[in-house]
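Down below is the structure, laid out as structure tokens.
Each ligand, and each atom within it, is numbered from 1 in the order the structure gives.
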Amino acid sequence: MPAAVCDAAGVPERPVVLLLSGPNLNLLGERDPAIYGTATLAEHVATAAAAATAAGLDLEHLQSNHEGDLIDAIHAARGRCAAIVVNPGALTHYAWSLHDALDAFDGPVVELHLSDPKQREPWRHLSVVEPVADRTVAGLGGDGYRIAVEVVADLLDRP
Ligand code: DQA
């Protein structure tokens with residue numbers, strides 16, 4: 001996770017957007033390319049970072065296969081990060097602890113998926129993150145990473 005550039009008081013110079021990637025997303029590029037495409041997670045993160053820079057935002061990224069790591073990162077973002085973009089992977093569909101952690105975050109939350117889970121198997125139709133997300137970006141493939149950051153910029157009223 002690259003550190004934000006801070007001023008002398010340790011306050012980030014530009015609003016920080018935290019991008020979180022849940023379980024199995026580290027396998028993007030190899031995993032189910034017919035559904036998720038061939039781009040790697042690093043490529044998606046680079047896309048999101050470029051969109052953040054264009055909007056005057058800094059981007060930090062964490063991928064974890066462990067629910068608790070993501071929850072800890074959301075807690076640590078409270079009062080420090082301006083917004084969260086989260087692709088929770090399969091945690092989307094059952095991780096109520098993730099729902100509660102995001103609910104306790106003050107800034108905008110954008111839920112992001114490469115595929116459109118609502119068009120897939122019935123067990124993917126429920127998102128426990130959706131009720132605490134300001135927006136959901138789904139089914140747009142890799143473009144979703146750019147668009148999710150643009151949505152955040154809009155919600156933060158950035159140019
Ligand atoms: C996903 C959709 C989830 O249902 C799935 O478990 C994933 C990826 C997506 O980006 O389309 O791991 O979040």
#### Entry: side chain to side chain donor-acceptor pair (under 3.5 Å) between Gln63 and His61, worked out
CA-CA 7 Å; Gln63 188 278 329; His61 174 247; over 6 Å; no
### Message
Is it true that, when you exclude Asp32 itself, more than 12 heavy atoms of the residues, nucleotides or ligands shown sit nearer than 6.0 Å to its CG?
### Response
yes
### Query
Between Glu67 and Asn65, does a side chain to side chain donor-acceptor pair (under 3.5 Å) hold up when you go through it step by step?
CA-CA 7 Å; Glu67 185 174 347; Asn65 295 322; over 6 Å; no
### Task
Using non-hydrogen atoms of the residue, decide whether Asn24 is closer than 4.0 angstrom to ligand 1.
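Outside the 4.0 Å threshold, so no.
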### Query
Is Ala90 in polar range of ligand 1, meaning some N or O pair under 3.5 Å apart?
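Yes, since at least one N or O of Ala90 sits under 3.5 Å from an N or O of ligand 1.
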### Task
For ligand 1, find out whether one of its N or O atoms is nearer than 3.5 Å to an N or O atom of Leu114.
yes
Provide the number and element of each atom of ligand 1 under 4.0 Å from a heavy atom of [X].
X: Arg31; answer: 7 (C), 12 (O)
X: His93; answer: 3 (C), 4 (O)
X: Arg124; answer: 3 (C), 4 (O), 5 (C), 6 (O)

### Query
Applying the 4.5 Å side-chain criterion to the ILVMFWY set and letting contacts propagate, would Leu112 and Ile35 be lumped into a single cluster?
yes
### Query
In terms of ring plane angle, is the pair His44 and Tyr145 parallel, tilted or perpendicular, where the classes change at 30° and 60°?
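Taking Tyr145 first and then His44, their aromatic rings lie parallel (interplane angle under 30°).
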### Message
Among all the protein's non-hydrogen atoms, which is closest to atom 11 (O) of ligand 1, and how far away is it?
### Response
Ser115 OG, 2.6 Å
### Message
Quick test: of every protein heavy atom, which one is nearest to atom 1 (C) of ligand 1, and how far off is it to 0.1 Å?
### Response
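For this ligand atom, the closest protein heavy atom is His113 ND1, 3.7 Å.
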### Message
Ignoring hydrogens, what is the shortest heavy-atom contact between Val137 and Ala148? Give both atom names and the distance.
### Response
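Heavy atoms only, the tightest pair is CG2-CA, 4.2 Å.
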### Query
Is ligand 1 under 4.0 Å from a heavy atom in the side chain of Asp116, in the backbone, in both, or in neither?
neither
### Task
For the pair Arg135 and Glu130, find out whether any cationic side-chain nitrogen is under 4.0 Å from an anionic carboxylate oxygen.
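Looking at Arg135 and Glu130, the cut-off is not met.
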